[in-house]
Amino acid sequence: MPAPRWIARANRVGLNRITRFIAPWAPGWAVVIHRGRKSGQTFRTPLWAFRRDNRYVIALTYGPESDWVRNVLAAGECRLESRRHCYEVANPRVYRDETATDMPPFIRFMLRRVIKAPHFLSVDVRREVETVR
């Protein structure tokens, strides 16, 4: 069972304000830049993401029903900032992996034993679009 929704709301107000500065450059973190399905507003969501060949795998710590996940799935694409680079990514796919195979050991432990979040979003890298300063 993924983290409760009240934690997501608390993170949006508190923790995300800090991690949004760390996520564009820190290893294991990224920022998904996506548009709201209804509002068309641009959002920046910091999260755990890891490069695997020509794709990124993102841990869905709040589950596959999160607004940002639904926004990315509806659009079929988004941008992702990681390690001071910005990428156009596409072909989002949600999948379930109880073993968290694509995650590094510590994150795998957190997702399997602590958070109990078995869902992931995989996106293919189309191209690098800019370098983040």
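- Between His34 and Trp68, the angle of the ring planes lies from 30° to 60°, which puts this pair in the tilted group.
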Verdict with reasoning, Val32 to Val123, per side-chain contact (heavy atoms from CB on, under 4.5 Å)
CA-CA 11 Å; Val32 170; Val123 290; over 6 Å; no

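- The two residues Ile107 and Met103 make their nearest non-hydrogen contact at CG2-SD, 3.8 Å.
- Salt bridge absent: Arg79 and Glu81 never bring a charged side-chain N and a carboxylate O closer than 4.0 Å.
- In this structure, the side chain of Arg108 engages the main chain of Ala100 through a donor-acceptor pair within 3.5 Å.
- When the ring-ring contact (aromatic ring centres under 6.0 Å, His included) test is applied to Tyr56, the partners found at least two apart in sequence or on another chain are Tyr87.
- Asp102 pairs in a side-chain contact (heavy atoms from CB on, under 4.5 Å) with only one of the listed residues (Phe120, Tyr95, Phe50), which is Tyr95.
- Asn71 and Gly36 get closest at one heavy-atom pair: ND2-CA, 3.7 Å.
- Placement of Ile58 and Val94 within a single hydrophobic cluster is found when ILVMFWY residues are connected by side-chain heavy-atom separations under 4.5 Å, directly or transitively.
- By the neighbour-count criterion of 12 heavy atoms within 6.0 Å, atom CZ of Arg113 is sparsely surrounded, having that number or fewer from other residues, nucleotides or ligands.
- Using modelled atom types, one side-chain atom of Arg35 and one backbone atom of Gly40 make a donor-acceptor pair closer than 3.5 Å.
- Within 6.0 Å of the CG atom in Asn54, the count of heavy atoms belonging to other residues, nucleotides or ligands exceeds 12.
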